[in-house]
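Input: a single structure, listed below in C-alpha cells.
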Amino acid sequence: MDHLNQPHSMGTTIIGVTYNGGVVLGADSRTSTGVYVANRASDKITQLTDNVYLCRSGSAADSQILSDYVRYYLHQHTIQLGQPATVKVAANLVRLISYNNKNMLQTGLIVGGWDKHEGGKIYGVPLGGTILEQPFAIGGSGSSYLYGFFDQEWKEGMTKDEAEKLVVKAVSLAIARDGASGGVVRTVTINSEGVTKNFYPGDTLPLWHEELEPQNSLLDILSSSSPEPMVS
Amino acid sequence: MNLMDSTHSNPMSLCSQADSQRTLYPYVTGTSVIGVKYKDGILMAADMGGSYGSTLRYKSVERMKPIGKHSLLGASGEISDFQEILRYLDELILYDNMWDDGNSLGPKEVHSYLTRVMYNRRNKFNPLWNSLVLGGVKNGQKYLGTVSMIGVHFEDNHVATGFGNHLARPILRDEWHEDLSFEDGVKLLEKCMRVLLYRDRSAVNKLQIAKITEEGVTISQPYSLKTFWGFSAFQNPTVGAEGSW
C-alpha cells in the first residue's frame, strides 16, 4: 500500500552553468510518485523574475511552494528597489526559506540568472540551506552520475553554444543511468539580451552505451534489412 | 505566515509543535580545523571541502573567515549553520562598531558570545551543528579557543576539531612549543593536514592557511599538498600473505 501514497518527488537531474556572457540552466522532465511517473513532461526550471530562474529538485510540493514564496517576495522587492532584482538577492531569499525551514523541507535548488552588476551567476542551495556561488552547479538524484563528467569536461569561459551543448549532453547522460530522471531536456539561457527557452525531446538526444536507435516497429526492420534478421 | 524567520524564534511559523523543531542531522559538512599559537599570533588551517554524506561534493568552501579586526573563525560541521553564525557575528560586530567609542570586540569576547549561542541552542535540542575554532590577537594578547555544538568550550595553545582531535593533536602535543616562527608554524600545520589527508576520508587536497596577528588577518590562497606514496611496502603490500590487504 505504501507505493500508492508516495509523495510526488522529482528524482531529477538539474544543472546550472555559467558561460562567457550569461548562464544556461538545464533539467530533465520526470516527476514520480514512488515508481509511477506522474508527469513525464514537467518543467522544473521555474521563473522567479524576468532575469532569474530556479531549477527545482527533491520534493515537488516543497520546491513549488518555496519558489512561489520567493517569486512573491522578489516581486515586492523589485517594486521597492525600482530596478530588477539581482541574482544574489534571489538566491539569498531561497536560502533564507530553505535554512529556516530545514527540518521540514526536502528540496535542493539551483538559482541562475543575469543582472547588470555581476553578469551571469549560478548559486547552489542544497539540502540544509547552505548557499554556494559556483561557476557551475549540479543537483538532484541524477547528478551523482555527472560528477566525473563535469570534472573532465568543464572549462571556464565557454561560448553560449558550448555551454548549452554541455548541459544537454550532461542531462542526457544522467537520464540514461538515473531511473528517477527522464523525459525531455529543457534548457533556459539567460544573458543581457534576455531569456531563451529550449526543448530537446528524447529522439534528438545522442544514444549512449547499450542504447539502440528507436524504430517504429520490428516490421520495418524485417522489411528493410537483409535475410536472417530473426536470430534463433 | 512568516517563512523568513527561523521556527524557533517565531510563533507564527509553518509548524508550531515544539517537537519538530530540532536539528537531527547535518547535510553539507566541513571536516577538521586546526589552530596553533605562534610567535606573532595565531595560525589556523582548514581544507576547502564540503561533503554531502560520503560524496565530496563541494571543493571550494571557505571555512575560515575574519571577524571584526581582531579575530578569525574556523568551522567544521554543517556549512549552512556556519553561514548563519557569520550573519549573527556580522550583526554583533556592526552594533559594536556603531557605539563608535574606540573599543572593539576582541577574540575573548567573540568566543564568549559564540559559547552562549551554541550552548543555548543545545539546551533547546536544536544545536548549530558546528565545531568552531576562534583565534585572535588584541593588544598583544594571543587568544585561541574552541566551542563545540554542545557548548563545550576551552582555550589552549593548540586546538583541533573533528578528526583533527585524534590525528593532529598528538602531533601538536609533541612538536608545538612557545614562540614558533611563522615558517615552523606553517610546516607544523601542513604536517597535520597531510596526515588528515591520508587518513580522513572527508578531507580534500585543497586547503588554506590563515594567520592573525596584531596587524590583522590574512587568509592564504587555496593550494594543494604533495603526498608521498613511495614506500616499498606500498608497492607490494601482500607479498608473504597473498590475498590479504
Side-chain angles (χ1 to χ4, degrees), chain A residues 57-59 61-63 65-74 76-77 89 91-110 122-148 150-151 154 156, chain B residues 1-30 48-63 75 77-88 90 121 124-130 204 206:
Chain A
S57 79
S59 157
D62 288 349
S63 65
I65 199 72
L66 188 149
S67 72
D68 285 348
Y69 272 107
V70 174
R71 193 180 308 115
Y72 166 71
Y73 289 126
L74 273 176
Q76 294 189 319
H77 173 69
V89 167
N92 276 108
L93 283 169
V94 171
R95 176 212 85 95
L96 198 62
I97 300 179
S98 243
Y99 180 77
N100 287 329
N101 296 285
K102 65 159 77 190
N103 294 330
M104 282 165 291
L105 295 175
Q106 198 188 81
T107 169
L109 305 138
I110 298 178
I122 293 285
Y123 292 87
V125 184
L127 256 48
T130 313
I131 182 169
L132 287 164
E133 203 240 293
Q134 303 166 80
F136 72 91
I138 56 179
S141 56
S143 68
S144 309
Y145 307 96
L146 297 177
Y147 286 98
F150 273 90
D151 275 349
W154 163 259
E156 259 326 308
Chain B
M1 191 187 286
N2 195 341
L3 276 145
M4 309 301 248
D5 291 340
S6 185
T7 46
H8 64 265
S9 63
N10 189 340
M12 290 206 305
S13 52
L14 278 178
C15 186
S16 48
Q17 277 118 11
D19 204 52
S20 71
Q21 283 139 292
R22 49 170 72 203
T23 326
L24 295 167
Y25 32 73
Y27 291 103
V28 182
T29 55
M48 300 189 77
S51 298
Y52 190 74
S54 56
T55 305
L56 304 174
R57 189 168 181 184
Y58 302 107
K59 295 187 184 179
S60 297
V61 182
E62 283 200 33
R63 298 195 290 114
E78 169 67 48
I79 302 296
S80 65
D81 286 345
F82 173 54
Q83 292 179 341
E84 193 73 357
I85 289 171
L86 292 175
R87 279 162 203 270
Y88 289 150
D90 247 354
R121 286 287 297 259
K124 293 190 276 193
F125 286 94
N126 186 205
L128 288 161
W129 208 285
N130 296 111
V204 305
K206 190 169 171 194

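By convention in this document, chain letters (A, B, ...) are assigned in the order of the sequence lines, proteins followed by strands, and residues within each chain are numbered from 1.
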Could you please spell out the steps behind the side chain to side chain contact (heavy atoms under 4.5 Å, CB included) verdict for Tyr147(A) and Thr55(B)? CA-CA 10 Å; Tyr147(A) 286 98; Thr55(B) 305; 4.2 Å; yes
Candidate pair Tyr52(B) and Leu127(A), rule side chain to side chain contact (heavy atoms under 4.5 Å, CB included), full reasoning: CA-CA 9 Å; Tyr52(B) 190 74; Leu127(A) 256 48; 3.4 Å; yes
How far apart are the C-alpha atoms of Lys102(A) and Asp81(B), what are their side-chain angles, what is the distance that settles it, and do they pass the side chain to side chain contact (heavy atoms under 4.5 Å, CB included) test? CA-CA 11 Å; Lys102(A) 65 159 77 190; Asp81(B) 286 345; 3.2 Å; yes
Decide yes or no on side chain to side chain contact (heavy atoms under 4.5 Å, CB included) for Tyr99(A) and Gln83(B), but give the supporting numbers first. CA-CA 10 Å; Tyr99(A) 180 77; Gln83(B) 292 179 341; over 6 Å; no
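Taking every heavy atom of both residues into account, Arg57(B) and Gly139(A) meet most closely at NH2-CA, 3.8 Å.
Using a 4.5 Å cut-off between heavy atoms, Phe82(B) makes no contact with chain A at all. Of the two parts of Leu66(A), neither the backbone nor the side chain holds a non-hydrogen atom closer than 4.5 Å to a non-hydrogen atom of chain B.
At a threshold of 4.5 Å between non-hydrogen side-chain atoms, the residues Gln134(A) and Ser60(B) do not count as touching.
With hydrogens and angles disregarded, a donor-acceptor distance shorter than 3.5 Å links the side chain of Ser80(B) to the backbone of Gly128(A).
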